[in-house]
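Order of the sequence lines sets the chain letters (A, B, ...), proteins ahead of strands, with each chain counted from 1. Atoms considered below: every heavy atom in the structure, side chains included; atoms not considered: hydrogens, waters and symmetry mates.
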Amino acid sequence: MKFVENRGWSPYLAGALAGIVMILSVWIAGKYFGASTTFVRSAGMIEKVFSAERVKKMDYFIKKTPKVEWQLMFVFGIFLGSLISSAISRNFKWQALPDMWERRFGRSKIKRGVTAFIGGIIAMFGARLAGG
Amino acid sequence: MKELLYGLVTGIMFGFLLQKARVIRYDKQIGALRFMDMTIVKFMLSSVFVGAVGVYVLKDLGLAKLSVKSTVLGGVIPGGLIFGIGWGLLGYCPGTSAGAVGEGRWDGIWGILGMLTGAALYAEAFPYLKKTVLTWGDFGKITLPQVLGISHWVVITIFIISGLMLFYWFEKKGL
């Protein structure tokens, strides 16, 4: 039997439901959604393994203490939620190259990996500079 | 402990919805940047509109506080431009990269490693940035209703009407 991949939920509906989840989070836990601070705290936790003294003195890590808190669990939850959803709807797919990328840039996983890594560095630097 | 549990449960619900709407896919994110597929914009604006109404109702009832970040033009303008370049290369944003890995799109792992590196580099640059760009055009914690001196409900209504017109246009163009 041939399965056509379903297109998923309407982005308007899913977006509105996400808005309701956000309202409940603000109401019950007093927490607004965010993800990028987690990368700062996690980078700090990793650096602490190598040079705890240095991390202790760095301005930015004094401002954003390297620790596990609400947002890190939120980001981990996004991973789990996506895993659960894709398992239920049977569209979990182990994939190293996005379709659009492969059509344009070919099948090199190294090329994709290097681009994604550099993109990640630039994106996070910019996000932090903008305060987001 | 309770706080961590709230974070986890909220994240699971959000990640579930992101995956259901297919908005964590590289093709959807880059599709929006190429003006080919506005799925992620529809999702984002829908959640912002619902969220804005709900949060302001809570605020008016004294049940919640806003979390307003400072508007620092020296940070926001170059930061936004730099973020856009990185996002275009990576094809995931910080939260969605975790979701992408969750549905098996493991190129998101390279992005996560890059973002951890980017955060570490920013921490190195911060003492310098704090004294320079981050002091330029600092307007403090301002909001649009406050600057315009009008009720937040007027601003929200205008935003939602403009958004609905945008949605209508997306659907008409098949974006």
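Of the atoms belonging to B:Phe83, heavy atoms from both backbone and side chain fall under 4.5 Å from chain A. Both the backbone and the side chain of B:Leu121 come within contact range of chain A, with heavy atoms under 4.5 Å apart. When heavy atoms are compared at a cutoff of 4.5 Å, B:Ile109 does not approach chain A at all. When heavy atoms are compared at a cutoff of 4.5 Å, B:Val133 approaches chain A solely by way of its side chain, counted from C-beta outward. Looking at B:Leu5, there are no atoms closer than 4.5 Å to chain A (heavy atoms on both sides), in backbone or side chain. Contact of B:Leu18 with chain A is made through the side chain alone, with heavy-atom distances under 4.5 Å. Neither the backbone nor the side chain of B:Gln29 has a heavy atom closer than 4.5 Å to any heavy atom of chain A. Only the side chain of A:Glu47 comes within less than 4.5 Å of a heavy atom in chain B; its backbone stays farther off. Heavy atoms of B:Leu8 lying under 4.5 Å from chain A belong to its backbone as well as its side chain. Within the 4.5 angstrom heavy-atom criterion, no atom of A:Val114 approaches chain B. Of the two parts of A:Arg104, neither the backbone nor the side chain holds a non-hydrogen atom closer than 4.5 Å to a non-hydrogen atom of chain B. Looking at A:Ile46, only its side chain comes within 4.5 Å of chain B, counting heavy atoms on both sides. Neither the backbone nor the side chain of A:Leu24 has a heavy atom closer than 4.5 Å to any heavy atom of chain B. For chain A, the nearby parts of B:Lys42 are the backbone and the side chain; heavy atoms of each come within less than 4.5 Å. Proximity to chain B (any heavy atom under 4.5 Å) is restricted, for A:Tyr32, to the side chain, taken from C-beta onward. Looking at A:Lys93, both its backbone and its side chain come within 4.5 Å of chain B, counting heavy atoms on both sides. Proximity to chain A is limited to the side chain of B:Leu58, based on heavy atoms less than 4.5 angstrom apart. Looking at A:Phe61, only its side chain comes within 4.5 Å of chain B, counting heavy atoms on both sides. Heavy atoms of B:Ser70 lying under 4.5 Å from chain A are absent altogether.
For A:Arg112 against A:Ala96, the heavy-atom pair with the smallest separation is CG-O, 3.7 Å. Summarising the geometry of B:Val41 relative to B:Ala32, their closest heavy-atom pair is CG2-CB, 4.5 Å, with the distance given to 0.1 Å.
Here NZ of A:Lys111 is found 11.5 Å from CD of A:Glu102. Values are rounded to the nearest 0.5 Å. Rounded to the nearest 0.5 angstrom, B:Asp60 CG and B:His152 NE2 are separated by 3.5 Å.
Between chain A and the options B:Asp107, B:Ile112, B:Leu89, heavy-atom pairs under 4.5 Å are most frequent for B:Asp107. Heavy-atom pairs under 4.5 Å with chain B peak, among A:Gly113, A:Gly77, A:Ala18, at A:Gly77. The candidate from B:Ala64, B:Ser67, B:Gly84 with the greatest count of non-hydrogen atom pairs under 4.5 Å with chain A is B:Ser67. In terms of non-hydrogen atom pairs under 4.5 Å with chain A, the most contact-rich of B:Gly108, B:Ala120, B:Gly79 is B:Gly79. Contact tally against chain B (heavy-atom pairs below 4.5 Å) for A:Arg41, A:Met73, A:Arg128, A:Lys63: the top residue is A:Met73. If you tally non-hydrogen atom pairs under 4.5 Å between each of A:Gly30, A:Ala116, A:Ala43 and chain B, the highest count goes to A:Ala116. Ranked by heavy-atom pairs under 4.5 Å with chain B, the first of A:Ser82, A:Gly34, A:Ala35 is A:Ser82. Looking only at heavy-atom pairs under 4.5 Å with chain A, the residue among B:Pro78, B:Ala119, B:Ala52 that has the most is B:Ala119. For chain A, the option among B:Lys65, B:Glu3, B:Lys69 with the highest count of heavy-atom pairs below 4.5 Å is B:Glu3. Ranked by non-hydrogen atom pairs under 4.5 Å with chain B, the options A:Ile78, A:Ile122, A:Leu83 are led by A:Ile78. Contact count versus chain A (heavy atoms, under 4.5 Å) is highest, among B:Gly86, B:Gly95, B:Gly74, for B:Gly86.
Applying the side-chain hydrogen bond (donor to acceptor under 3.5 Å, both in side chains) rule to B:Lys130 yields the partners A:Asp59; only residues at least two apart in sequence or on another chain are considered.
Here the two rings, on B:Phe167 and A:Tyr12, have centers that are under 6.0 Å apart.
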For B:Leu113 and A:Phe117, run side-chain contact (heavy atoms from CB on, under 4.5 Å): C-alpha distance rounded to whole Å, both residues' side-chain angles, the deciding distance at 0.1 Å, then the answer. CA-CA 7 Å; B:Leu113 293 174; A:Phe117 181 76; 3.9 Å; yes

Please assess B:Glu124 against A:Met58 for the test side-chain contact (heavy atoms from CB on, under 4.5 Å), listing each intermediate value before the final yes or no. CA-CA 8 Å; B:Glu124 298 298 326; A:Met58 285 173 70; 3.2 Å; yes

Hey, mind stepping through B:Ile156 and B:Phe49 against side-chain contact (heavy atoms from CB on, under 4.5 Å) and telling me if it holds? CA-CA 8 Å; B:Ile156 291 170; B:Phe49 294 150; over 6 Å; no

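B:Thr96 is not listed as a side-chain neighbour of B:Val23, based on a closest heavy-atom distance of 4.5 Å or more.
Aromatic ring pairs are classed by plane angle as parallel below 30°, tilted from 30° to 60° and perpendicular above 60°; the pair B:Trp106 and B:Trp110 is tilted. Relative orientation of the B:Trp153 and B:Tyr56 rings is perpendicular, given thresholds of 30° and 60° on the angle between their planes. Using cut-offs of 30° and 60° on the angle between ring planes, the pair A:Trp70 and A:Phe74 is parallel.
Relative to the ring axis of A:Phe33, A:Lys31 does not place its NZ or CZ within 45° and under 6.0 Å from the centre.
Atom CZ of A:Phe92 is surrounded by more than 12 heavy atoms from other residues, nucleotides or ligands within 6.0 Å.
Both B:Val147 and B:Phe139 are members of a single hydrophobic cluster when ILVMFWY side chains are connected at heavy-atom separations under 4.5 Å. A continuous path of hydrophobic side-chain contacts links B:Leu116 to B:Trp87 [ILVMFWY only; heavy atoms under 4.5 Å].
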